[in-house]
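Read the numbers this way: they start at 1 and go in the same order the structure lists the ligands and their atoms. Position 1 is the first residue of the sequence; numbering continues from there.
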Amino acid sequence: MIPVAEALDRIFALLTPLPAETVPLRAACGRVLARDAVARRDQPPFDASVMDGYAVSDPEPLTGTVLRVVGEAAAGHALDRTIGPGEAARIFTGAPLPQGAVRVIIQENTAREGDLVRILTDPVEDRFVRPAGGDFRRGDRLLSGRRLSPSDLVLLASMNLPTVDVTRRPVVAILTTGDELVPPGAEPDADQIVASNGVGLAALAESLGARARLLPIVADRMDALEQAFALCEGADLVVSSGGASVGDHDLLGSDLSALGVERAFYRVAMRPGKPLFAGTLRGVPMIGLPGNPVSSMVCGYIFMCPALRMLQGLPSVHAPRLQAVLAADLPANGPREHYMRARLADGKIAACDRQDSSLQRVLADADALLVRPPHDPPCPAGSVVAYVPLHQH
Ligand code: AMP
Ligand code: MG
């Protein structure tokens, strides 16, 4: 058995970030920026009025000043004329400040009299001008290696970039094994189980930007496994669930070198999830998850998610851990790192009462995995503990 951190590092060693592709902005949300995006213009591209009012050339016109209105500037309609002393231009929000103008007197502080305008207050500090390039300059960059948010798209669009280069989406082939499994919605015999891991793992992978190829359930027979492996061709990552233990029917736990599986490690010192392995299937990185639904999903969060992030060009880091105060005492932990289903409430964390790795309802009710280090002594309520959040990864 190897520690969780070492297992994940060995998985990272199997992976290479995927190449880039160019996509339109509308398809870029959630994708990882593969190359710096470079602004193609200044923003704003000109000194712009922030308010509706009058643009004037005098930096400090006093109360009572009367100016002649010589033209109008509106958004998208620049005034092609210079404003001189004694002159003003009617101006609206977003309009380019005319040549010669240095500030805007807001409409509320003026009185319009025909083609004259009278200023009703002494100047305030704010000139109501948004300077050219105040947001960003041509050549400014949004750096690669970030997952693009809706706000990032706003910035990229205003940089006048209709497309961006993002890392290709990883294709994850997911295969679930077990003679007892039938798909959801089938009419299971009395000794059959409804397969639940595949949909969960596929959804988890897709929530991280991958494309999931959920393969049909694989029977516990070598020929069935071989057929399923053939369907994994072209994937960037293969994730299997089940059959990873040492039972007679646990084919994935057996030597599969004849089918092209090379193992990098087998067995991790964690709970749940001990019989996990990783390696390659005909050169494609592969993670073999245990079959118990909770083990499968916990290992999905702890191993598959960081792997998918790395494939997309994000830093190869372990699942992010946060800290919270423990709501109730916990007994000492054993020799394996324990990922306990837990709930967060009122800023505190409480481990769920039942931790058996088959209990799917407890997993559905949990919003965090409370992490107990190996041999952790008893933890009294009030201690600070680490957890992995389940719904923001
Ligand atoms: P295994 O690792 O194949 O020995 O499976 C461990 C336990 O998890 C067994 O009780 C299986 O029936 C169950 N199991 C395995 N795969 C799945 C699955 N895809 N969905 C639901 N339960 C599963
Ligand atoms: Mg099985």
Side-chain angles (χ1 to χ4, degrees), residues 1 4 7 172-207 210 212-229 231-232 235 237-256 259 261 263 265-279 281 286-305 336 338-339 341 352 354-366 369 390:
M1 281 201 293
V4 172
V172 190
I174 296 174
L175 54 96
T176 52
T177 66
D179 279 350
E180 75 282 27
L181 301 178
V182 295
E187 301 264 336
D189 290 340
D191 57 355
Q192 290 184 314
I193 295 285
V194 180
S196 53
N197 299 352
V199 285
L201 292 168
L204 185 56
E206 282 166 352
S207 76
R213 187 191 294 169
L214 181 53
L215 302 180
I217 294 163
V218 186
D220 294 320
R221 290 192 327 266
M222 274 299 174
D223 63 310
L225 195 57
E226 191 167 7
Q227 271 180 20
F229 282 173
L231 298 175
C232 296
L237 179 67
V238 175
V239 173
S240 67
S241 107
S245 266
V246 292
D248 291 353
H249 304 281
D250 289 334
L251 299 187
L252 283 150
S254 66
D255 179 3
L256 293 175
L259 299 190
V261 177
R263 261 197 215 150
F265 66 84
Y266 181 33
R267 291 199 188 91
V268 181
M270 71 186 291
R271 250 176 94 197
K274 182 171 129 191
L276 182 128
F277 72 90
L281 167 63
M286 174 170 188
I287 306 176
L289 306 177
N292 254 315
V294 176
S295 316
S296 223
M297 287 302 283
V298 168
C299 293
Y301 282 105
I302 301 303
F303 297 105
M304 181 184 75
C305 291
R336 292 188 274 152
H338 193 178
Y339 291 81
R341 276 148 288 165
C352 302
R354 299 191 303 154
Q355 292 290 331
D356 184 282
S357 68
S358 64
L359 301 176
Q360 299 164 81
R361 172 176 282 276
V362 181
L363 179 66
D365 285 343
L369 296 174
L390 286 184

I need the atoms of ligand 1 closer than 4.0 Å to a non-hydrogen atom of [X], numbered in the order shown.
X      : answer
Asp250 : 4 (O)
Val194 : 20 (N), 21 (C)
Gly242 : 2 (O), 3 (O)
Pro293 : 21 (C), 22 (N)
Leu181 : 16 (N), 17 (C), 18 (C), 19 (N), 23 (C)
Ser196 : 18 (C), 19 (N), 20 (N), 21 (C)

Minimum-distance protein heavy atom relative to [atom]:
atom                    : answer
atom 5 (O) of ligand 1  : Gly291 CA, 3.7 Å
atom 9 (C) of ligand 1  : Glu180 OE2, 4.0 Å
atom 3 (O) of ligand 1  : Gly243 N, 2.7 Å
atom 17 (C) of ligand 1 : Asn197 ND2, 3.3 Å
atom 7 (C) of ligand 1  : Asn292 OD1, 3.8 Å

For [X], run the side chain to side chain contact (heavy atoms under 4.5 Å, CB included) check against [options] and tell me which one passes.
X      : options                : value
Ser295 : Pro290, Ser358, Pro275 : Pro290
Ser296 : Val239, Leu204, Leu201 : Leu201
Thr176 : Ser241, Pro183, Ser240 : Ser241

Between Arg354 and Asp356, does at least one N-O distance fall below 4.0 Å, as a salt bridge requires?
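Looking at Arg354 and Asp356, the cut-off is not met.
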Just verifying a value: how many Å separate [X] [atom1] and [Y] [atom2], rounded to the nearest 0.5 Å?
X      : Y      : atom1 : atom2 : answer
Leu214 : Leu175 : CG    : CG    : 9.5 Å
Leu289 : Cys299 : CG    : SG    : 6.0 Å
Ile287 : Leu281 : CD1   : CG    : 13.0 Å

With a 6.0 Å cut-off (strictly less than), is the heavy-atom count around CZ of Arg336, excluding the residue itself, greater than 12?
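Correct, the count exceeds 12.
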